[in-house]
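Remarks on the structure that follows.
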Amino acid sequence: MREALRRFFDGDVWHSFRNSPVAMAAAAVAALCVFCAAFAPWVAPHDPFDLASLELADSRLPPAWDAEGKPAYLLGTDDQGRDILSALMYGARISLLVGLASVLLSVLVGVSLGLLSGFVGGRIDAFVMRVCDVMLSFPAILIALLIDGVGRALFPNAHDTLAFAVLILAIALSGWVKFARTVRGSTLVERHKEYVQAARVIGVSKWRIMGRHVLPNVMGPVLVLATIDIGQAILIEATLSFLGVGVPPTQPSLGTLIRIGNDFLFSGEWWITIFPGMVLVMIALSVNLLGDWLRDALNPRLQ
Amino acid sequence: MTLRQTLLAAALATSLAMAGGAASAVTLRVANQGDSNSMDPHSLNESLQLSFTGNVYEPLVGRDKKLALAPALATSWKQTSPTVWRFELRKGVLFHGGEKFTADDVVFTFKRAAGDGSDMKGYTSTIKEVRKVDDFTVDIETTAPFPILPDVISLVYIMNKSWCEANKAEKPVDRRKGIENAASFRTNGTGPFRTKERQPATRTVLVRNFNYWGKVESNVDEVIFTPIGNDATRVAALLSGEIDVMEPVPLQDVERIKANAGLKVMQGPELRTIFLGMDQKRDELLFSNVKGKNPFKDVRVRRAFYQAIDIEAIRTRVMRGAATPTALMVAPGIKGFVPELNKRAPHDAEAAKKLLAEAGYPNGFEVGMNCPNDRYVNDGEICQAIAANLARIGVKINLQAESKATYFPKILSRNTSFYMLGWTPGTYDAHNALSNLMATPTDKGQGLFNLGSYSNAKVDELTLKIQSETDEAKRNAMIAEAFKLHAEDFGHIPLHQQALAWAMKKNVELVQLPDNFMPFRWITVK
């Protein structure tokens with residue numbers, strides 16, 4: 001373990017990170033967001049999901065620096081009297097959880113199918129790739145909407161936990177295709193290399209070659225793609241919640257907060273939508289910048 | 001219709017259309033937060049759908065600008081015996097398809113409205129038989145003396161018999177079962193407008209019916225109706241001039257629209273009462289963590305829910321003052337409204353908590369709540385505020401807020417434990433609220449919208465008596481007694497009457513009816 005850490009800090013990746021201010025800034029912002037989200041119950045001044053603590057009389061208060069604002073609500077409150085700052089932390093929690101979990105799931109599905117398809121070839125390859133073609137011909141958001149709709153029809157009494165599962169599944173199933181395609185391409189290249197043939201010659205089983213030898217060599221691009229995809233998954237979750245098929249209204253995610261605030265733009269209550277919007281942009285941008293940097297750092301041709 | 005007649009009618013229509021065209025056709029673009037769920041006038045007893053299809057179809061007895069009865073397809077009506085009403089029908093009226101309007105259409109319509117899949121049974125439940133006397137005379141016999149029959153049938157729109165048969169639309173579109181038929185998408189009425197184009201949830205175009213029997217106080221040739229669900233988008237569409245009229249105006253944007261020189265806002269009281277209902281029939285609630293019993297069967301639980309709700313905060317914060325809290329299920333302005341009884345049980349979270357504990361739920365319980373989010377003013381927000389109120393007495397609400405397109409089919413099939421509904425008595429009479437909302441549900445149409453099956457035999461008995469009582473004072477006393485019993489039972493939780501808010505361009509003149517109907521024939525564009 002210690003050896004691995006030492007190798008990491010001595011290696012090219014860490015070096016490149018230390019020399020890229022953009023990457024460091026993005027990492028700092030992302031870390032701050034993840035910290036606030038993960039420790040929301042301890043960091044946030046209020047609990048916006050605890051309905052009993054909401055005070056309707058304090059609804060739609062402007063941020064604290066405004067003359068009408070209250071110091072207890074730094075960034076103001078929304079139409080139900082939820083503290084915006086706390087709602088942001090709790091909301092980011094949902095957004096990040098959904099983002100990470102769905103990307104993890106789509107990596108899992110995409111990588112296994114891509115690996116299988118590229119290594120085994122033949123009918124399986126043809127079948128998986130045709131499924132990919134079909135998935136690619138629909139926009140991701142449409143597929144997510146469809147799966148979410150089916151999920152809700154199957155489990156009409158789905159509350160909270162199940163709704164989350166359906167949401168994560170919906171986003172994951174609309175996102176696995178690009179992983180499958182990438183991995184299949186790399187696998188096709190790898191499987192003709194000498195080390196694979198050598199493994200075959202000494203009688204290593206097909207599954208073991210796939211898992212132990214080919215997989216580590218095709219994971220590079222996948223990691224990069226995944227970081228970029230997290231930002232996208234958060235945006236899809238925001239869109240789904242915006243469309244009203246995401247998380248329940250009493251537990252607003254960043255997307256729900258933006259939707260609520262949208263109705264108040266004309267009446268001048270701008271803070272309800274602007275702050276969640278800013279946080280969403282910050283998360284998506286920092287994760288994307290990190291992904292960009294990682295792609296460059298791992299690309300030997302750019303060094 | 002012979003070929004010759006068809007050609008004549010076509011030629012006439014063309015020449016009239018051209019005459020109108022010379023003065024440049026007037027198009028009115030109307031937006032609403034939702035769509036008429038179907039074009040079938042018997043499929044959903046909902047204000048928007050009846051208001052919209054009321055431009056295409058007509059009842060026997062209609063309403064004027066003050067909501068008083070006015071002749072429509074019937075020119076006169078009288079009681080020939082305590083249980084029989086005679087209607088003289090208007091002669092020379094043509095349906096949009098060219099068919100002549102006769103007594104057969106009336107008999108057919110009432111059969112359709114009382115049959116399977118109809119949502120209008122509440123209006124026909126007292127009718128025993130509809131008889132054709134001759135081509136232009138119809139007798140309606142009721143099961144008991146029924147002095148308010150003309151009021152009750154003012155929303156039963158007449159359809160054409162031969163057209164329905166030819167299009168296999170003899171039965172209404174059943175929203176509960178999701179069955180659609182030709183009448184969902186096409187229309188054949190006698191009204192001042194006809195349907196030109198129907199794209200559900202997207203756009204519906206109505207054009208003037210130049211063969212209309214009456215005078216139309218409107219210069220509008222074409223109405224383009226667009227549902228725009230998002231409040232901000234709807235306001236933006238009006239501000240940018242993309243639409244001419246829209247309703248409802250989001251409460252937060254009233255000032256903003258008033259400040260615009262080219263626009264105006266019309267506000268007024270609405271007759272609709274918003275309330276909550278609870279499933280009091282099932283032995284176990286569909287959506288709750290209480291197993292083996294139904295907490296809503298206990299009046300203490302219902303009372304606790306009632307008293308937990310801070311109606312004043314909802315009025316001032318969620319509704320921005322544009323609502324009148326109510327203790328009754330009907331609004332002032334409805335015949336039979338009892339001002340003395342309009343006193344709400346006080347908001348008292350402590351008392352509510354105590355009641356819950358007495359009922360055996362000291363730590364509260366969990367229950368699912370169904371709520372529309374595009375039907376009533378700030379409906380989704382009201383439900384969230386109520387969920388917060390109930391959280392303080394330990395009740396955890398699993399709130400499901402959704403579009404009315406999925407909401408109504410769900411709650412109308414009673415697939416709910418706790419729901420929100422708004423009701424305007426279609427007859428502007430308290431009896432309508434009693435028989436639709438508070439009477440024990442029967443398969444004859446009583447309690448059709450009593451979705452939680454509140455049941456009190458005494459209320460049922462009074463409802464039946466009120467129906468046939470002709471003496472005004474006696475009738476009002478019985479209405480008051482029934483309302484009192486319902487209030488003591490906490491059969492429903494009345495919330496408030498919302499205020500109407502419509503916005504339009506300054507050059508649009510229209511009539512705002514307190515039942516939230518917008519007849520296009522009274523709209524003029526200057």
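The sequence lines fix the lettering, A, B, ..., with proteins before strands; numbering per chain opens at 1. The structure presented is a predicted model; accordingly, all values stated were derived computationally and were not measured.
Neither the backbone nor the side chain of B:Ala349 comes within less than 4.5 Å of any heavy atom of chain A. Of the two parts of B:Leu239, only the side chain, counted from C-beta on, holds a non-hydrogen atom closer than 4.5 Å to a non-hydrogen atom of chain A. Both the backbone and the side chain of A:Asp263 come within contact range of chain B, each with at least one heavy atom under 4.5 Å from a heavy atom of that chain.
Top candidate by heavy-atom pairs under 4.5 Å with chain A, chosen from B:Val235, B:Thr233, B:Ile257, is B:Val235. When the candidates A:Ser59, A:Gly81, A:Ser53 are compared by the number of heavy-atom contacts under 4.5 Å with chain B, A:Ser59 comes out ahead. Ranking A:Asp79, A:Leu265, A:Leu51 against chain B, the residue ahead of the rest is A:Leu51, based on heavy-atom pairs under 4.5 Å.
The number of heavy-atom neighbours closer than 6.0 Å to CD of B:Glu242, taken from other residues, nucleotides and ligands shown, is 12 or below. In this structure, B:Lys354 places its NZ atom where only 12 or fewer heavy-atom neighbours from other residues, nucleotides or ligands lie under 6.0 Å away. By the 6.0 Å contact criterion, NZ on B:Lys281 is open, its count of non-hydrogen atoms from other residues, nucleotides or ligands being 12 or less.
With values rounded to the nearest 0.5 angstrom, A:Thr250 atom OG1 is found 10.0 Å from B:Ile397 atom CD1. Separating the CG atom in A:Asp78 from the CD atom in B:Gln384 is a distance of 8.0 Å, to the nearest 0.5 Å.
A heavy-atom distance below 4.5 Å is found between the side chains of A:Leu56 and B:Val318.
Heavy atoms only, all atoms of each residue included: A:Asn262 and B:Asn230 are closest at ND2-ND2, 3.8 Å. Shown here for A:Phe266 and B:Ala232, the closest heavy-atom pair between the two residues is CE1-O, 3.1 Å. A pairwise comparison of heavy atoms in B:Ala391 and A:Ala52 identifies CB-N, 3.5 Å as the closest pair.
Side-chain N or O atoms of A:Gln80 include one that pairs as donor or acceptor with a backbone N or O of B:Glu381 at under 3.5 Å. A donor-acceptor pair is defined here as one N or O able to donate and one able to accept, closer than 3.5 Å; such a pair exists between the side chain of A:Arg60 and the backbone of B:Arg317.
A salt bridge is defined here as a Lys NZ or Arg NE, NH1 or NH2 lying under 4.0 Å from an Asp or Glu carboxylate O, and B:Arg320 with A:Glu269 meets this definition.
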